[in-house]
Amino acid sequence: MDEVEIIIEDVINAKTNRNKKTRREYYILKKSDALSVTEKHYLICKTKNQENHEIKYYVPYEEMYDKLKDFHTRTRHGGNVKLRMALMNKYVIPRPAIEAFLSTCLSCNSKKPVNRKLVIKPIISEDFNERVQIDLVDFQSNPDGPLESKRAIEVARNLLSLFLTFGAPKILQVITIEKWSSL
C-alpha cells in the first residue's frame, strides 16, 4: 500500500469517526478529501477558493512519472516553470519530483548550454611588474595554499609579503565574484 492509499484510508476514517478527532485527523481533513468513483478512491486537495470547482488530485508515486512525461511532452519540453504551470490546476506533484524528472530528460539536457569557463584576453605589458592580476573567485577548483578566505586582512598580509619580495606593481587588478576592481 503506497502513501496516498494510506492517507485516503486516514481521510475516510477521520470523516466517519464520531469521537473526538486527533490533531492529525483535523489536519488531514483540512488539507485533503477522498473522492470515490466506482469503488476507486482518489486523494484530492482542498482548495482555498471554494468557488473554483476544479479538483486537484494528489498523484501516487507509481503514477508520477507517467503524469510528468505526459505533461512534459504537452508543453513541448518547456522546462520547469511551464511544466509546473501546466500541472498546477490538475495535480499536486512535489517540486523535487518535477526537478528530478527534468534532470533525466535527454532532450532538455541536450539544449542546455555547456558550462564553459570565461576566457579572458591576456593583457600584454611592456615591463616587469607593470601589471599584476589576482584572482579571488574560486578557491575550491584550484587550491594553492596561502589564502584560506577572502577576508581583507588575510589578502593584505599575503600581498604585502609578495610586494616585499618582488616590489609593488604599477597596476594591481583583483578579480572577485562580485566585480572587477583596480587598485
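Note that these values count all heavy atoms, side chains included, but never hydrogens, waters or copies made by symmetry.
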Can you classify the ring geometry of Tyr91 versus Tyr57 as parallel (below 30°), tilted (30 to 60°) or perpendicular (above 60°)? tilted
With a 3.5 Å distance limit and no angle check, can you tell me whether Glu130 reaches the backbone of Asp127 through a side-chain donor-acceptor pair? yes
Measuring only between side-chain heavy atoms, which start at C-beta, is His41 closer than 4.5 Å to Ile12? yes
Please enumerate all residues that pass side-chain hydrogen bond (donor to acceptor under 3.5 Å, both in side chains) together with Lys56, with sequence neighbours excluded. none
State yes or no: do Val132 and Phe128 share one hydrophobic cluster built from I, L, V, M, F, W and Y residues joined by side-chain heavy-atom distances below 4.5 Å, directly or via other members? no
Which residue pairs satisfy the side-chain hydrogen bond (donor to acceptor under 3.5 Å, both in side chains) criterion with at least one member in residues 156-168, sequence neighbours excluded? none
Is a side-chain donor or acceptor of Thr22 paired with a backbone partner of Glu25 at a separation under 3.5 angstrom? yes
Are any of the side-chain heavy atoms of Ile134 and Val155 separated by less than 4.5 Å? no
Cluster check Ile93, Tyr61: I/L/V/M/F/W/Y, side chain < 4.5 angstrom: yes
Which pairs would a plain distance check flag for residues 75-86, meaning a side-chain donor or acceptor within less than 3.5 Å of a matching protein atom at least two apart in sequence or in another chain?
from: Thr75; atom 1: OG1; to: Phe71; atom 2: O; distance (Å): 3.2
from: Thr75; atom 1: OG1; to: His72; atom 2: O; distance (Å): 3.0
from: His77; atom 1: ND1; to: His72; atom 2: NE2; distance (Å): 3.0
from: Asn80; atom 1: OD1; to: Arg84; atom 2: NE; distance (Å): 3.0

Taking the side chain as every heavy atom from C-beta outward, state whether Tyr58 and Ile44 have any pair of such atoms under 4.5 Å apart. no
Would one find more than 12 heavy atoms of other residues, nucleotides or ligands at under 6.0 Å from atom CG of Leu106? no
Does the structure place the NZ or CZ of Lys40 under 6.0 Å from the centre of the six-membered ring of Tyr42, at an angle of no more than 45° from the ring's axis? yes
Could you tell me whether a side-chain N or O of Asn13 sits under 3.5 Å from a main-chain N or O of Glu9, the two making a donor and an acceptor? yes
Test item: Val59 and Val92 side chains (from C-beta on) under 4.5 Å apart, heavy atoms: no
Quick check on Lys31: does its NZ atom have over 12 non-hydrogen neighbours (other residues, nucleotides or ligands) under 6.0 Å away? no
Between CE on residue Met64 and CZ on residue Phe101, distance to nearest 0.5 Å: 12.5 Å
Evaluate the side-chain proximity of Asp33 to Lys15: yes if any heavy-atom separation is below 4.5 Å, no if none is. yes
Hey, could you give me the CD1/OG distance between Ile171 and Ser125, rounded to the nearest 0.5 Å? 9.0 Å
Same cluster (ILVMFWY, side-chain, under 4.5 Å), Ile153 and Leu162: no
Check whether any side-chain heavy atom of Ile98 lies under 4.5 Å from a side-chain heavy atom of Leu87, and answer yes or no. yes
Count the heavy atoms of every other residue, nucleotide or ligand shown that sit under 6.0 Å from CZ of Phe166, and state whether that count exceeds 12. no
Just wondering, do Leu35 and Leu43 contact through their side chains at under 4.5 Å, heavy atoms? no
Smallest separation among heavy atoms of Ala97 and Leu68, with atom names: O-CD1, 3.9 Å
Between Arg24 and Asp10, is there a salt bridge with N-O shorter than 4.0 Å? yes
I need the minimum non-hydrogen distance between Ala34 and Ile8, along with the two atoms involved. CB-CG2, 4.2 Å
Distance, nearest 0.5 Å, that separates NZ of Lys69 from OG1 of Thr104: 10.0 Å
